[in-house]
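Given the structure is predicted, the values throughout are model-derived calculations rather than measurements. Only this structure's heavy atoms are used, side chains among them; waters, hydrogens and symmetry mates stay out.
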Amino acid sequence: MTREAKEAATNLIREGIDKAREKGELAHCDLPPLRLEVPSEKRHGDLATSIALQLASKVNLPPRKIAEVIVKHIKAISPQPSTISQIEVADPGFINFFLAPKALYPKLKDIEEEGANYGRSSLGKGKKVLIEFVSANPTGPLTVAHGRHAAVGDALANTLQMVGYEVYREYYYNDVGHQMDILGKSVQARYHELRGEEITFPEDGYKGTYITRIAQEIARECEDVDRGDLGFFRRFAEEKLFESIKKDLKDFAIEFDGWVKEKDLYESGQVKKTMERLKKEGHIYEKQGALWFRSSKFGDEKDRVVRRSDGQPTYLAPDIAYHQNKYERGFQYLIDILGPDHHGYVGRLKAAVEALGHEKDSLRVIILQLVSLYRGQEKLPMSTRAGEFITLRQVLDEVGRDAARFFFLMRTTNSHLNFDLNLAKSQSTENPVYYVQYAHARICSILEFAAEKGVEVKKAEAVDLSLLKEKEELETIKTLAQFPEVVESGARALEPQGLTGYLQELAGSFHNFYTKFRVIGPGDRNLGSARLVLVKAVKTTLQNGLRLLGISAPEKM
RNA sequence: GCGCCUGUAGCUCAGUUGGAUAGAGCGUUGGGUUGCGGACCCAAAGGUCCCGCGUUCGAGUCGCGGCAGGCGUACCA
């Protein structure tokens, strides 16, 4: 709903209560916060408040009576704000406001003027935020789960940008350590196998066929391979896998601003520096030959090892250093998107952030829940190790980028996602994303038709918008008006999912209007002009919303 | 054992800081355009919001206790 209308209604309620108190018709008491909500049902108006229900027990009067008294005084105020056309009391004591169409029309002008900026706000105040997501280690191709992370992270980044944050997208990966050694050994073994040698494949090795393919590439591209040089196999595999990861991301329309690898953190001295600082400030101690971070002091369940007794650092050490590094680069607000297998990690990360003197809440961790894959009823195994998994690439090829992204973004972050390949495929033409895109394409088609017919598309200010009186027209404008709030609440909650629902609603509102009324040539030329303004506003808003989700807004389908 | 997530229509899922008769898509059934794109529109059927207790004027939403599924709980990565 428009902000102005909300303000006007809030003021009216406040005045009404004050007046009632003056007259002694309402006892004085602490006033609960005045809240206006959009009723779930249209017949309850555009804005409603339950203030009378909340006051009932405090002033010892039936809620309906209180509402009536307040409304009586509101109605005595003059002049009445022009944005509100009707105020009513409804059982059991709600006060409902109906907006005047007049309050709606300026919105269309705003949208026309703001264009691609419609929905932008300054909520973020230019704060620098770093959002880290995907961050898959290069031990295999990206999976469907990574796809979900990519889609959510990117949409979130776009949304935060829209509300005035300065956003940086980063991908972090571990390029040293045990996992990479196993990767190297796996490729090495396959290479030997190709050369016709008897091998024993490493027990914990990666069994996917992509490992064999990499070995084949080595055989094809490299001469003089030192078969015992594990480092060579590891580096080669890492490079190849990264190439494919980057290509997958590119085809999924995800662009990162930065890539950070674990090795950098060691080589730049960041790990050492950060650990020394923690040590100096007494947050690290030695026990049984290992170094421990005193994370329990900052709310974690227990202390954590940062260097094992054999002298090897755990993963926590570079992770702490990495987060410190983000702050040192000037970011004030950090977002990590992690899988549910990392939820035990959140406590220690937050503890580290606090120990290093940053506000605990400046780090927000989103735990994106699991993706389970199905093919019909059959649940598919998802193991990178075993090499049995569906890649993001396969999904992209089967269902397409836009549908895949929409599918990932329709769910809340903390609900498990059941991804049925059959369904995704069969729904590729029934997918709600096409419903939204279709609305956009239809509007483009209308505008094209207008051009063919030589119908002039006028500016909002040159048009009599008050001709838009139909229920469907007014509903559409109301929906348009909600867009900025939807974007803001998505940014606040770090949930891009609200936007997908909103776009479906807006598209529905438009389709509904479209099937009933003509835009080009409705008889009244001025009415046609007004409808063109409306339709263009829908187009702009659909585009803006789809852009935030990273989904295209096609002119033809 | 302990921690986190989930449980809402046949299926997949929404449901803001507690509000009125709990929603959408798919699927099912039945309708709709002398016209700007039928990938659309309208309608019907479909519910013990997992169970119980509590807080409240009011609970799908908050609290406590259960049940079920998933994921964690390492000097693993």
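Per the geometry, NZ belonging to A:K350 stands 15 Å off P belonging to B:rC4, to the nearest Å. For A:E456 and B:rC36, the CD to P distance is 22 Å, given to the nearest whole Å. For the pair A:L409 CG and B:rA14 P, the computed distance is 12 Å after rounding to whole Å. For the pair A:D402 CG and B:rA39 P, the computed distance is 18 Å after rounding to whole Å. Per the geometry, CZ belonging to A:F406 stands 19 Å off P belonging to B:rU12, to the nearest Å. A straight line from CG of A:L503 to C1' of B:rG25 spans 15 Å, rounded to a whole angstrom. B:rC76 atom P lies 14 Å from atom CZ of A:R307, rounded to whole Å. If you take OH of A:Y502 and C1' of B:rG15, they are 18 Å apart, rounded to a whole angstrom.
Of the candidate nucleotides B:rC13, B:rC75, B:rC71, B:rC13 has the atom lying nearest to any side-chain atom of A:R411. Distance from the side chain of A:H511 is smallest to B:rC40 among B:rU12, B:rC36, B:rC40. Closest to the A:E301 side chain, of the nucleotides B:rG70, B:rC36, B:rG3, is B:rG3. Checked against B:rU12, B:rC4, B:rG37, the side chain of A:M557 finds its nearest nucleotide in B:rG37. Here the nucleotide nearest the side chain of A:R518, chosen from B:rG35, B:rC42, B:rG37, is B:rG35.
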Side chains of residues 534-542 of chain A: which donor-acceptor partners sit under 3.5 Å, not counting sequence neighbours?
{"from": "A:T540", "atom 1": "OG1", "to": "A:K536", "atom 2": "O", "distance (Å)": "3.1"}
{"from": "A:T541", "atom 1": "OG1", "to": "A:A537", "atom 2": "O", "distance (Å)": "2.9"}

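In this structure the side chain of A:P138 reaches within 4.5 angstrom of the side chain of A:M180, judged on heavy atoms. Using a 4.5 Å heavy-atom cutoff, the side chains of A:E37 and A:T49 are not in contact.
Toward the 5′ end of RNA chain B lies the nearest nucleotide of A:F517, the other residue of the pair A:F517 and A:R308 mapping further downstream. Both A:G501 and A:D303 lie near RNA chain B, and the one whose nearest nucleotide falls closer to the 5' end is A:G501.
Remark: A:R411 is positioned above the aromatic ring of A:F407, its terminal NZ or CZ atom under 6.0 angstrom from the ring centre and at most 45 degrees off the axis.
Nucleotide B:rG1 has B:rU73 as its partner under the Watson-Crick or G-U criteria, with both atom distances under 3.5 Å. Pairing for B:rU61 is absent, with no Watson-Crick or G-U wobble pair whose two atom distances lie under 3.5 Å. If you check B:rA20 for Watson-Crick or wobble pairing at under 3.5 angstrom, you find it has no partner at all. Applying the Watson-Crick and G-U wobble criteria (two distances, each under 3.5 Å), B:rA43 pairs with B:rU29. Base-pair partner of B:rU56: not found among the strands shown (Watson-Crick or G-U wobble, both distances under 3.5 Å). Base pairing annotation: B:rC36 forms no Watson-Crick or G-U wobble pair, as no partner gives both donor-acceptor distances under 3.5 Å. Partner assigned to B:rA68 is B:rU6, using Watson-Crick or G-U wobble distances below 3.5 angstrom.
As judged by a 4.0 angstrom heavy-atom cut-off over every strand, A:E286 is placed among residues making no nucleic acid contact. Within the nucleic acid shown, A:I520 comes within 4.0 Å of at least one base atom, counting heavy atoms only. Using a 4.0 Å heavy-atom cutoff across all strands shown, A:P340 reaches sugar-phosphate atoms only and no base atom. A:S372 comes within 4.0 angstrom of no nucleic acid atom, judged by non-hydrogen atoms across all strands. Across all strands shown, A:K516 has no heavy atoms under 4.0 Å from either base or sugar-phosphate atoms. At a threshold of 4.0 angstrom between heavy atoms, the contacts of A:A56 with the nucleic acid are absent. Contacts of A:R35 with the nucleic acid, taken as non-hydrogen atoms under 4.0 Å apart, include base atoms.
Here A:F298 pairs with A:H283 under the ring pair (Phe, Tyr, Trp, His ring centres under 6.0 Å) rule; sequence neighbours left out. Residues passing the side-chain contact (heavy atoms from CB on, under 4.5 Å) test with A:K453, sequence neighbours excluded: A:F449, A:V455.
Each of A:L108, A:V533, A:V463 was checked for a side-chain contact (heavy atoms from CB on, under 4.5 Å) with A:L468, and the lone residue meeting it is A:L108.
A salt bridge does not link A:E238 with A:R234: none of the charged nitrogens is closer than 4.0 Å to a carboxylate oxygen. A salt bridge links A:R492 to A:E488: one of the charged nitrogens lies within less than 4.0 Å of a carboxylate oxygen.
A distance of 7.5 Å separates OG in A:S186 from OH in A:Y206, rounded to the nearest 0.5 Å. The structure places CZ of A:R364 at 12.0 Å from CG of A:D336, a figure rounded to the nearest 0.5 Å.
Spacing of C1' atoms, B:rA68 relative to B:rC42, comes out at 40 Å, to the nearest Å. One P atom belongs to B:rA45, the other to B:rG10, and the distance between them is 15 Å to the nearest Å. A distance of about 16 Å separates the C1' atoms of B:rC50 and B:rC5, rounded to the whole Å. Of the C1' atoms belonging to B:rU55 and B:rU61, the separation is 14 Å, rounded to the nearest Å. Rounded to a whole angstrom, the distance from the P atom of B:rU29 to that of B:rG15 is 31 Å. Here, B:rG38 and B:rG31 have their C1' atoms 14 Å apart, quoted to the whole Å. For the P atoms, the distance from B:rA59 to B:rA22 is 13 Å, rounded to whole Å. Nucleotides B:rC53 and B:rG18 place their P atoms 23 Å apart, quoted to the nearest Å.
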Which parts of nucleotides 19-24 of chain B does protein reach within less than 4.0 Å, heavy atoms only, written one letter per nucleotide 5' to 3' as B for base, S for sugar-phosphate only and - for none?
-> BBB---
Output a table of nitrogen or oxygen pairs between the protein and nucleotides 5-7 of chain B separated by less than 3.5 Å.
{"from": "B:rC5", "atom 1": "O2'", "to": "A:N414", "atom 2": "O", "distance (Å)": "2.8"}

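Of all the residues in residues 435-450 of chain A, A:Y435, A:Y438, A:A441, A:R442, A:S445, A:I446, A:F449 reach under 4.0 Å from RNA chain B with at least one non-hydrogen atom.
Applying the 5.5 angstrom centroid cut-off and the 30 degree plane-angle cut-off, the aromatic ring of A:Y514 is stacked upon the base of B:rC36.
Applying the 4.0 Å criterion to OP1 and OP2 of B:rC13, one finds that A:Q497 has every side-chain N and O outside that range.
Using bins of under 30°, 30° to 60° and over 60° for the plane-to-plane angle, the ring pair A:Y173/A:F242 lands in the tilted bin.
A:D319 and A:Y345 form a side-chain donor-acceptor contact under 3.5 Å, judged by distance and modelled atom types alone.
A donor and an acceptor atom sit less than 3.5 Å apart, one in the side chain of A:S309 and one in the base of B:rC75.
Of all the heavy atoms in A:Y210 and A:T139, the pair that sits closest is OH-O, 2.7 Å. Nearest heavy-atom pair across A:N96 and A:A48 is OD1-CB, 3.2 Å. The nearest pair of heavy atoms linking A:I367 to A:G339 is CD1-O, 3.9 Å.
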